[in-house]
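Written below as structure tokens is the structure these notes are about.
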Amino acid sequence: MGARTAAPAAMAIVGVLGVIGLTGPARTDHAMAQEAGSPAQDEPVSVEPPAPDVAPEVEAQSREAEDVAPLSPANDQPAPAEDGAAPAPGTDASAPQAGTQEASAPSAPTTPTGIEIRAAAPALETGADWPAYGGTYEARRFSPLASITPDNVGQLQRVWEYRTGDMPSEEAEGKYSPENTPLKVGDDLYLCSAMGIAISVDAATGREEWRYDPEVPVDAIPYGATCRGVTYYAVPDAEPDSLCATRVIWGTLDARLIAVDAKLGQPCPDFGMNGEVYLEDGIGDTVPGWYSITSAPTIVRGIVVTGAQVQDGQAEDSPSGVVRGYDAVTGELAWAWDLGNPGNRGAPAEGEVYTRGTPNMWTTAAADEERGLVYLPLGNSAVDYYGSNRSELENEYATSLVAVDVTTGEDVWHFQTVHNDVWDYDLGSQPSLVDFPADDGTVPAIILSSKQGDIYVLNRETGESLFPVEEREVPTGMGVEPGYLSETQPFSAYHSLLFPALEEKDMWGMSPLDQLWCRIQFRMANYEGPYTPPTTDGRWIQYPGYNGGQDWGSMAVDVERGILIANYNDMPNYNRLIPREEAGDAHAIFEPEYQPGGSEAGPQLGSPYAIDVNAGWRESWTGLMCKQPPYGGLRAIDLATGETLWDVPLGTARANGPFGIPSMLPFKIGTPNNGGPLVTAGGLVFIAAATDNLIRAVDIETGETVWSDTLPAGGQTTPITYSVGERQFIAIAPGGHHFMETPIGDYVVAWALPEGDGAE
């Protein structure tokens, strides 16, 4: 239901053991801003964060917890209209009043809570900039920049390197998974560190300009310390030099939505309380680490849309999966999409909370600014591996893509990818919006990839599939919930990343002995192909595992060439439901006995079973996976037909090996991967993601790797591209990943062709 920050602990899966993470002293600087600049350089420049005793030229205010009174719902939510009712959705609020000789100036339509609805803003564009997490809110991860090509990519030089200073403290050791994708707007890059420190650096030089530290406590870390991205917003009609005319907005692990001035890093006083909105309002009972914001918000028609990560496997009575929209200027609640209370699109009534245990959106939404729609990829309900206690609405909406009208908070359509999901097949990928080629022109479409491997192409106005979706029979004759399991599941006729069912001959090991042991385990397990039901009488094989297929790294779409690029994982999980009487050591996050990083069993309180997951199906002594490689790949798909153009393993064995010892072998085995691809008009796919700590450029026409460079930490994130003047840059924030066992770091690195080359 929630995100295991990096594609669910499946990363721990790292079938091919990754290297142990590097660590260092934690940084404790408070919010501060520093103006600085230096000319671009061809030689790599290492930029360290300013020392704590250096006085910044501009100081951003920081929130001191002891000075801020607890925020009541009344402070965080807009007051209702004086007559007690907001205009009904669809009401024409601009109609002139009867009895007037002249129509007065039309009043603007409002959201259910009375927030004025803004007109559609100009579409965001990539090229010089990378203005949103997915490039734009259409999330194609495509840039029209074409200076770097397969012919000259080998000349790329590392031109600057910046370090945030955010490394795990002793208390946070083993909990870092930053996963950050920076933005580039104007002359600046905007990013957030693992613990949610927002930072601006010069895009040409990597010199730090300002930072704002929200001082997130370590106990707020859920599965991992993660901040996938921030959001940039320019306030319409604002005076250009006024404070927060442009602003950076992001969510924190302790569930705050924060807005600061994009030029200075100072809190926006008009947003919430001194730049902060407290997202735990209306959530009800929770504890640190249970309810967190890990993904970048999406802004549509001036409304900031955010969900939250609710830590998996804890209890059916988990915090709500409510998705909310807030005014990007004031921080006032515009609407709340609470699945269990469709009659109320505002804050809960006094003494009530948003419906608990409902499916959440822990990943990043996509949006259609023109149509005013935001597309919410939902997970399943609490808890993941048992469903008999779920409501009808949960069964209807869980693991669905939901299109919500951002002006009303009402869902327009939804499309379910798994019926009665008991496999933790959350929709983790951000979908991509395209004008899909058709016989008589194009169709406004949205492309959705899934953990189970199916890729769907839907009409983004109606939710109807543009390709057949076949309901195939799946096994229901085993498991603990035969009456709950769906007899069929939807399979896409467009494309699937799903591989054939496993066989005993697919079992593997570094020696005949451990291969034999894996074959014995295979024979002992319950397995009848995809959607094998969870069992308690023995282990069952879940294939693919809960990190895909595709997860939060998402896909990239080259609309010019008509090619879709998807990286994927190809690994099973080896699981068992544990009867409650056997699960004595499985404690939920809110229980006194709970130990972070303790037992792998999820307690699933409220259901009859806890869950034990062997993510990646690893042998206990070597740490290697029982399934033979490859464990991940990169695939090019014809956009119009869904046919595979090429498919190659992604990742080498250089940083992986038995017992956690790097083999240093360059063999392309295809490693587990997390993070996404970037596609450019120059004909290249840039991607890191794998556990070999490399960033590579792949020729989009052939699948051949034509350039690579070693990263200073694990590359479990997505690269971006932008230009400064006529020079094209490639940048990535390699922060490593504790679940994927790659080295932890605090880096941002940028490459470019030598000066004089690469003019647009």
Side-chain angles (χ1 to χ4, degrees), residues 5-7 11 14 18-24 27 44-49 130 133 141 156-168 175-184 189-195 197 199 201 203 206 208 224-230 294 552-553 567 632 650-652 654-656 662 671-678 685-698 705 707-722 729-752:
T5 328
M11 295 335 68
V14 155
V19 206
I20 298 175
L22 304 176
T23 59
R27 186 174 177 79
V45 177
S46 179
V47 183
E48 299 286 345
W130 191 267
Y133 174 75
R141 290 170 180 78
L156 280 181
Q157 299 177 347
R158 192 178 299 202
V159 293
W160 59 258
E161 180 180 284
Y162 168 77
R163 302 194 67 173
T164 69
D166 186 355
M167 291 288 285
K175 298 179 181 180
Y176 264 42
S177 47
E179 301 177 5
N180 184 254
T181 298
L183 308 185
K184 191 270 186 179
L189 285 188
Y190 300 103
L191 62 137
C192 53
S193 71
M195 292 300 288
I197 302 171
I199 300 169
V201 303
E208 181 174 305
T226 298
C227 185
R228 293 193 185 94
V230 300
T294 56
W552 58 266
N567 57 302
L650 177 61
T652 67
R654 63 181 295 276
N656 304 285
T671 74
N673 59 88
N674 248 190
L678 157 70
V685 179
F686 289 92
I687 188 167
T691 59
D692 59 4
N693 309 323
L694 297 177
I695 182 173
R696 46 181 53 83
V698 176
T705 297
W707 170 84
S708 66
D709 196 8
T710 303
L711 297 171
Q716 285 67 57
T717 183
T718 304
I720 68 170
T721 189
Y722 59 88
F729 288 74
I730 304 295
I732 193 171
H737 208 285
H738 66 295
F739 283 125
M740 296 196 69
E741 300 170 12
T742 58
I744 302 301
D746 60 345
Y747 299 87
V748 184
V749 184
W751 295 260

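Keep in mind the model is a prediction, meaning the values are calculated, not measured.
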Checklist outcome for this item: The side-chain hydrogen bond (donor to acceptor under 3.5 Å, both in side chains) partners of Lys175 (sequence neighbours excluded) come to none

Next on the checklist: Less than 3.5 Å apart, any donor N or O on the side chain of Asp746 or Tyr162 sitting next to an acceptor on the other?
Outcome noted: no

Next on the checklist: Just verifying a value: how many Å separate Ile687 CD1 and Ser708 OG, rounded to the nearest 0.5 Å?
Outcome noted: 13.5 Å

Next on the checklist: Going by the rule side-chain contact (heavy atoms from CB on, under 4.5 Å), which residues pair with Ala688 if we only count those two or more places apart in sequence or in a different chain?
Outcome noted: Ile695, Leu711, Ile732

Checklist entry - Can you name the side-chain hydrogen bond (donor to acceptor under 3.5 Å, both in side chains) partners of Tyr190, sequence neighbours left out? => result Asp188

Item to check | Over all atoms of both residues, closest heavy-atom pair of Pro734 and Gly715 | outcome: CB-CA, 4.4 Å

Checklist entry - Under the 3.5 angstrom rule, does the side chain of Thr181 hit a backbone N or O of Tyr133 as a donor-acceptor pair? => result no

Next on the checklist: Would you say that Leu189 contacts Ile720 through its side chain, given a criterion of any heavy-atom pair below 4.5 Å between the two side chains?
Outcome noted: yes

Checklist entry - Do Val159 and Phe729 come close enough that some side-chain heavy atom pair is under 4.5 Å? => result yes

Checklist entry - Do His737 side-chain atoms and Ser177 backbone N/O form a donor-acceptor pair below 3.5 Å? => result no

Item to check | Nearest-0.5 Å distance that lies between atom CH2 in Trp552 and atom OG1 in Thr226 | outcome: 8.0 Å

Checklist entry - Are the side chains of Arg228 and Thr717 in touch, meaning some heavy atoms are under 4.5 Å apart? => result no

Checklist entry - Where do Asn567 and Pro677 come nearest, in terms of heavy atoms and distance? => result OD1-CD, 3.3 Å

Item to check | Listed partners of Thr718 passing side-chain hydrogen bond (donor to acceptor under 3.5 Å, both in side chains), at least two apart | outcome: none

Next on the checklist: Is there a side chain to side chain contact (heavy atoms under 4.5 Å, CB included) between Leu650 and Thr671? Walk through the geometry before answering.
Outcome noted: CA-CA 6 Å; Leu650 177 61; Thr671 74; over 6 Å; no

Checklist entry - Does the side-chain hydrogen bond (donor to acceptor under 3.5 Å, both in side chains) test come out yes or no for Tyr747 and Glu161, once each step is laid out? => result CA-CA 7 Å; Tyr747 299 87; Glu161 180 180 284; 5.3 Å; no

Next on the checklist: Under a 3.5 Å distance rule, please check whether Gln716 uses its side chain to pair with a backbone N or O of Ala690 as donor and acceptor.
Outcome noted: yes

Item to check | Over all atoms of both residues, closest heavy-atom pair of Pro178 and Ala194 | outcome: CG-CB, 3.8 Å

Checklist entry - Of all heavy-atom pairs between Tyr176 and Ile744, which one has the smallest distance, and what is that distance? => result O-CD1, 3.4 Å

Next on the checklist: Are Leu191 and Val230 packed together at the side-chain level, in the sense that at least one heavy-atom pair is separated by less than 4.5 angstrom?
Outcome noted: no

Checklist outcome for this item: The reported gap from OG in Ser193 to CE in Met167 (rounded to nearest 0.5 angstrom) is 11.5 Å

Checklist entry - Would Thr721 and Leu678 satisfy side chain to side chain contact (heavy atoms under 4.5 Å, CB included), going step by step from the backbone distance to the final call? => result CA-CA 8 Å; Thr721 189; Leu678 157 70; 3.9 Å; yes

Checklist entry - Between the side chain of Asp166 and the main-chain N/O of Met195, is any donor-acceptor distance below 3.5 Å? => result yes

Next on the checklist: Could you work out, with side-chain contact (heavy atoms from CB on, under 4.5 Å) as the rule, every residue matching Thr710, not counting sequence neighbours?
Outcome noted: Arg654, Leu694

Checklist outcome for this item: Minimal heavy-atom distance between Arg141 and Gly553, with the atoms involved, is NE-O, 3.8 Å

Checklist entry - Just by distance, do the side chain of Thr742 and the backbone of Thr691 share a donor-acceptor pair under 3.5 Å? => result no

Checklist entry - Which atom pair, heavy atoms only, marks the closest approach of Pro743 to Ala713? => result O-CB, 3.3 Å

Checklist entry - So, Tyr722 side chain and Ala731 main chain: donor-acceptor pair closer than 3.5 Å or not? => result no

Checklist outcome for this item: Residues at least two apart in sequence or cross-chain that pass side-chain contact (heavy atoms from CB on, under 4.5 Å) with Ala697, listed by chain then number, are Val153, Leu684, Phe686, Val706, Trp707

Item to check | Set of residues satisfying side-chain contact (heavy atoms from CB on, under 4.5 Å) with respect to Ala733, sequence neighbours excluded | outcome: Asn180, Pro182, Val748

